[in-house]
Amino acid sequence: MRSYRELFRTPEFTPFFVSAAARTAAQTISGLALGTLVYRATDSPLLSAVSMFGPQLAQMLGATFLMSGADRLPPRSTLTGIQLLTAAGTALLALPGLPIGAVFAVVFAQGLIASLGGGVRWGLLNEILTKEGYLLGRSVFNMLTGLMQVAGYATGGALLTFLSPRACLILAAALSVASALATRFGLTARPPRASGRPSVAATWRTNALLWSSRPRRLTLLGLWLPNGLVVGCESLYVSYDPDAAGALYASAALGMFVGDVTVGRLVSPGLRPRLAVPLLLLLATPYLFFALRPGVPLAAAAAALASIGFGASLVQQERLVALTPDRLTGHVLGLQSSGTMTLQGVSAALAGTVAQVTSPGVAMTVMATASLAVTGALTWAGRGRDEQAGQRVPQVAGCGSPARSLRASRPSSTALTSPDSATPREKTNGLNQAAGE
């Protein structure tokens with residue numbers, strides 16, 4: 001599968017795409033509205049950041065207790081139910097006089113529910129498309145996330161000048177209902193990918209299997225930590241400049257769109273693996289300058305440039321699908337998505353805490369420095385292991401075909417892009433579940 005036209009000719013891809021568009025628009029509008037509502041009520045950068053990214057904090061609990069359901073539940077009805085519950089929670093957040101404690105309780109419940117959705121959703125995409133088409137399809141969804149965030153944050157920012165945050169939350173709830181309807185009436189009913197009942201024990205066993213090798217653990221950390229810390233920078237846009245937060249989020253989303261188009265469509269398969277580390281470095285570097293308190297135009301340009309680096313995730317997504325047995329596709333993608341979202345939520349809370357005692361600009365610089373340090377450490381750890389094995393290490397491991405990847409015996413070159421060559425199991429994909437799950 002080589003073109004976008006072929007993707008949209010694939011049965012069920014278009015309604016799946018429409019459902020994701022409505023869901024992403026709902027998330028962006030509700031996140032900005034809720035962050036603004038909490039900031040106006042509390043004047044707290046910490047509480048504002050956590051209200052926007054708090055659902056992610058609950059996702060690791062979902063990965064720990066619920067994720068076996070990603071492959072053991074029928075995907076269409078599961079996704080429909082998740083979106084309807086999300087709509088109900090968003091409408092509840094719009095109630096006047098809702099205490100801050102209740103707001104965060106609802107936010108936590110939404111994150112717990114959403115933790116299952118990532119695994120179900122991306123496992124279903126792997127069924128709709130062939131494995132050869134998964135990277136192109138996933139890049140389209142990453143691009144969709146970027147475009148809908150541009151539109152959603154720009155629209156949300158404009159709406160907040162004319163409407164109250166609560167009215168924007170009601171609009172977001174309606175979009176979640178639209179997403180549920182597109183899923184229910186646009187997709188066919190499929191049986192679960194794996195047999196057996198979902199259970200905590202099954203979730204733990206599969207998580208242990210996926211976490212069992214050192215290269216895979218390093219890869220998961222490389223997918224979770226560098227971009228999670230940068231999302232901590234993004235969580236401070238509202239407190240950095242409340243009047244321009246929508247523009248900053250839209251600029252960051254535009255940069256992510258450019259990165260996904262470039263990596264997913266324009267870069268050759270042979271070159272893609274070599275771009276992972278440079279893109280992760282690009283992801284954090286522009287935020288080093290926010291301590292100087294740049295104005296809105298420069299801040300928006302820096303956010304857009306940095307977000308091009310999110311394209312690194314596609315390199316890892318391609319490898320993940322090549323190394324994942326079909327029966328565990330949903331679980332491994334859900335584990336990665338939940339881990340990514342959790343680290344983003346933790347980073348948002350950490351960034352908000354630093355901003356409380358310093359300033360939003362200084363906190364962004366601190367988080368960006370930490371992201372660069374983690375990228376360097378994980379790259380060194382992966383290469384150090386290869387050198388100890390006595391192998392000649394190339395710059396970055398290539399992305400072979402699924403069959404070759406499953407049989408590979410050579411170690412990988414870097415923890416940020418490497419497969420687990422000794423154990424043909426699974427790794428995880430990058431940020432976009434951020435927007436997606």
Side-chain angles (χ1 to χ4, degrees), residues 22-59 82-83 85-115 117 145 148-149 151-177 179 231-232 234-250 252-253 341-342 344-349 351-352 355 360 434-437:
R23 176 178 52 84
T24 304
Q27 289 174 336
T28 54
I29 292 174
S30 65
L32 183 58
L34 185 60
T36 302
L37 183 67
V38 171
Y39 188 69
R40 289 178 182 177
T42 65
D43 200 33
S44 169
L46 171 60
L47 294 179
S48 174
V50 173
S51 68
M52 292 186 69
F53 294 88
Q56 284 91 312
L57 292 171
Q59 295 238 357
I82 287 172
Q83 283 307 110
L85 288 172
T86 299
T90 304
L92 185 59
L93 290 171
L95 291 177
L98 193 67
I100 291 296
V103 167
F104 286 111
V106 173
V107 164
F108 180 87
Q110 286 182 315
L112 194 61
I113 294 167
S115 65
T145 298
M148 293 309 298
Q149 286 182 345
Y153 284 126
T155 302
L159 288 173
L160 286 170
T161 63
F162 300 104
L163 301 174
S164 69
R166 289 187 174 87
C168 293
L169 287 170
I170 294 297
L171 174 61
L175 287 170
S176 291
V177 172
S179 175
V231 170
E234 295 181 348
S235 72
L236 297 174
Y237 288 166
V238 171
S239 54
Y240 184 83
D241 192 329
D243 295 330
L248 293 176
Y249 280 115
M341 295 297 184
T342 299
Q344 289 176 3
V346 170
S347 297
E437 309 4 291

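We number each residue from 1, following the sequence as shown. Computed from a predicted model, the values in this text were never measured in an experiment.
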Next item on the list: Run the numbers on Val231 and Ser347 for side chain to side chain contact (heavy atoms under 4.5 Å, CB included), then give the verdict.
Entry: CA-CA 7 Å; Val231 170; Ser347 297; 5.8 Å; no
Next item on the list: Using the side chain to side chain contact (heavy atoms under 4.5 Å, CB included) rule, take Thr28 and Tyr249 through it: C-alpha gap first, then chi angles, then the decisive distance, then the call.
Entry: CA-CA 9 Å; Thr28 54; Tyr249 280 115; over 6 Å; no
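Smallest separation of non-hydrogen atoms from Leu236 and Pro360: CD1-O, 3.7 Å. Shortest non-hydrogen contact noted between Arg23 and Ser179 is CB-OG, 3.6 Å. Contact detail for Ala172 and Ser30: the closest heavy-atom pair is CB-CB, 3.5 Å. Closest of all the heavy-atom pairs between Gly89 and Val106 is O-CG1, 3.5 Å. Residues Tyr240 and Leu248 come closest through the heavy atom pair CD2-CD1, 4.1 Å. Smallest separation of non-hydrogen atoms from Leu93 and Leu169: O-CD1, 3.8 Å.
Atom-to-atom distance recorded for Ser51:OG and Leu37:CG is 8.0 Å, nearest 0.5 angstrom. With values rounded to the nearest 0.5 angstrom, Arg40 atom CZ is found 6.0 Å from Leu160 atom CG. If you take CG on Leu95 and CD1 on Ile170, they are separated by 7.5 Å, rounding to the nearest 0.5 Å. The distance from the OG atom of Ser48 to the CG atom of Asp43 is 10.0 Å, given to the nearest 0.5 Å. Between the CG atom in Leu47 and the OG atom in Ser239 there is a gap of 11.0 Å [rounded to 0.5 Å]. Between atom CG of residue Leu171 and atom CD1 of residue Ile29 there is a gap of 5.0 Å, rounded to the nearest 0.5 Å.
In this structure, the side chains of Val103 and Leu34 come closer than 4.5 Å at one or more pairs of heavy atoms.
Donor-acceptor pairing under 3.5 Å is recorded for the side chains of Thr90 and Gln110.
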